[in-house]
Amino acid sequence: MRYLSHSHRTMRPLLLVCLLQLVFSGCATDPGTKQIPTQARGFIATEAMVVSAHPEASRVGKEILQLGGNAYDAAIATQFALAVVLPAAGNIGGGGFLVYRQHTGKAGTLDYRETAPAAASETMYQDSAGNVVNGLSTGGHLAVGVPGTVDGMVQLHGRLGSLPWARLVQPAIDLAAKGVVLTEKEAAGLNRTRENFLQHNKHIPYLTRESNWQAGDTLRHPDLARTLSRIRDEGRDGFYTGVTADLLVREMQRSNGIITHQDLQRYAAVWREPVTGRYKNYRVISMAPPSSGGVALLQLLQMVAPYNLQRYGWQSTETIQLMTEAERRVYADRATYLGDPGFVTVPVQELLDSVYLRQRMATLDLAKATPSTAVKAGEMPVYESEQTTHFSIVDTQGNAVSATTTLNGAYGSKVVVEGAGFLLNNEMDDFSVKPGVPNMFGLVGGKANAIAPGKRMLSSMTPTILEKDGKLYMVVGTPGGSTIITSVYQAILNVVAHGMTMQEAVAAPRFHHQWLPDEIQHEPNAISPEVREALRHKGYTLQERGPYGRVDAILVLPDGRLEAGADPRGDDAAAGF
Ligand code: DON
């Protein structure tokens with residue numbers, strides 16, 4: 001967590017301050033463990049703000065806002081900057097979802113999710129005996145979906161942008177040409193992935209070198225600078241046709257890739273209506289299918305709305321039980337009903353119906369856990385370092401953008417397009433490669449999320465905006481695969497039900513349940529030993545795991561100033577003025 005400007009600090013009771021330390025260390029001082037800064041309020045800006053996963057990307061977005069650009073201009077510049085400074089997740093070879101709310105109150109979304117290539121098929125990751133071939137949907141050329149980011153940014157600019165396109169792409173080109181100083185986390189990520197880069201590329205990708213990368217080393221991206229220059233000069237054509245497209249298709253042909261020129265030419269981002277709903281006196285605006293995020297978040301919020309979480313208390317046995325039981329039911333719905341609405345009918349209204357949601361919670365018994373109905377023993381695979389990235393922006397007029405973008409796993413498919421300098425996604429793994437077989441996030445699915453040519457794979461990304469009394473209140477989102485939905489859920493409830501500041505809410509340790517496997521996963525120190533014992537006694541299985549998610553959020557304070565929540569788990573940073 002870093003601040004690019006002086007931050008406003010206030011003293012808060014010890015309990016809340018402790019929340020900030022709990023993620024890594026526990027509140028009691030343990031001399032060997034990492035302490036994170038304790039500050040009740042995050043960075044404050046009076047006019048406009050960007051919170052993203054990298055200080056350089058936040059700086060680029062802020063400079064666009066200072067130039068008089070709007071939140072959409074800043075989003076475009078930040079997205080391209082992240083493609084350079086955060087190769088693990090920032091991207092032009094992936095996709096994402098963006099939710100916006102104009103200062104007039106009008107809200108909308110842009111879906112720039114990847115699509116399955118035309119040659120894709122339902123059983124493409126299975127062998128002739130119908131067994132899923134390990135690793136085929138997660139690494140290498142066949143794992144790649146048709147990238148959506150560049151068309152998304154071009155469409156966003158066309159509809160809502162105000163500054164010239166070239167001005168918005170140029171900062172990323174400058175960063176790519178000049179090089180970026182690696183943070184400790186980025187250096188470690190590149191070193192960890194070295195063997196995979198070498199395995200999945202015929203050439204030696206520029207992201208590897210003989211010796212390990214160190215924090216402080218400068219990583220230059222000359223080929224990416226040239227690709228971005230083509231995008232600056234030719235817009236969509238600078239990526240989907242011409243030199244970049246030729247390089248991408250040639251890369252596919254070096255191995256078992258199937259993306260063709262026609263796939264690239266056909267790709268189109270889609271403007272969609274958001275899903276909206278209420279939680280108490282807040283209006284929640286979030287992403288519609290093909291992300292499951294918005295529907296699931298609204299279901300989760302409505303399911304706990306009848307209960308007084310504040311009275312139960314943050315991370316109390318009852319609060320954790322209620323949230324867990326809602327999560328279990330919602331993820332079961334997700335596995336069955338959610339998919340690309342262009343291909344399957346997603347019963348959004350039915351899933352959000354208040355009577356339906358009440359019925360779903362009617363089987364709740366606070367005396368004991370409801371066991372998840374086993375469809376197939378969903379073994380949770382080892383977590384791959386989680387990489388997707390979220391940014392939140394508010395401009396001087398009060399326009400807001402909440403965008404989550406990804407290559408899927410860290411560094412996506414690990415395939416670098418030779419000569420073009422960018423990584424390709426492994427988003428195809430977000431499809432259900434076989435009914436009931438868990439993907440890399442342990443999520444199961446069936447027919448609704450089966451692979452089909454041109455179809456978008458189901459997502460959990462949950463870029464979200466909240467209104468209170470008809471005014472902009474919060475901009476929030478996070479990476480984290482299947483945990484995205486529950487992390488956004490907790491960040492919101494931490495503020496609106498438990499009274500935390502935005503910074504406290506994103507820093508507070510988290511827990512997660514996704515139906516299968518039937519366990520509450522939690523960060524170290526997220527749940528006190530007493531509450532853990534009480535939950536076990538009621539039949540819950542608890543599984544500790546490392547820190548996850550990087551929630552980046554903005555809260556509008558009662559006086560109109562903006563408070564950042566920049567997740568201390570990453571290099572996330574706020575910038576504003
Ligand atoms: O769309 C999705 O739900 C996933 N591809 C997101 C992956 C992710 O968040 C990985 N990292 N943190």
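In this text, all values refer to a predicted model and were calculated from it rather than measured experimentally. Counting starts at 1 for both ligands and their atoms, in listed order.
Among pairs with a residue in residues 443-455, those fulfilling side-chain hydrogen bond (donor to acceptor under 3.5 Å, both in side chains) read E122-K447, at least two apart in sequence or across chains.
Ring centroids of Y331 and H513 are separated by 6.0 Å or more, keeping the two rings apart.
Listed by number with element, the atoms of ligand 1 under 4.0 angstrom from any heavy atom of S460 are 1 (O), 2 (C), 3 (O). Remark: ligand 1 atoms within the under-4.0 Å shell around heavy atoms of I484 are 9 (O). Here is the list of ligand 1 atoms found below 4.0 Å of a heavy atom in M461: 1 (O), 3 (O).
Neither the backbone nor the side chain of M457 has any atom closer than 4.0 Å to an atom of ligand 1 (non-hydrogen atoms only). Of all the heavy atoms of D430, the ones lying under 4.0 Å from any atom of ligand 1 belong exclusively to the side chain. Proximity of R113 to ligand 1, defined as any heavy-atom pair under 4.0 Å, is confined to the side chain (atoms from C-beta onward).
Looking at G480 next to ligand 1, an N or O pair under 3.5 Å apart turns up. Looking at F441 next to ligand 1, no N or O pair under 3.5 Å apart turns up.
Cation-pi contact between R334 and W515: absent, since separation from the ring centre below 6.0 Å together with deviation from the ring axis within 45° is not met.
A heavy-atom distance below 4.5 Å is found between the side chains of L424 and V417.
Atom CD of Q199 is surrounded by more than 12 heavy atoms from other residues, nucleotides or ligands within 6.0 Å.
Remark: F391 pairs with no residue by the ring pair (Phe, Tyr, Trp, His ring centres under 6.0 Å) rule, at least two apart or across chains.
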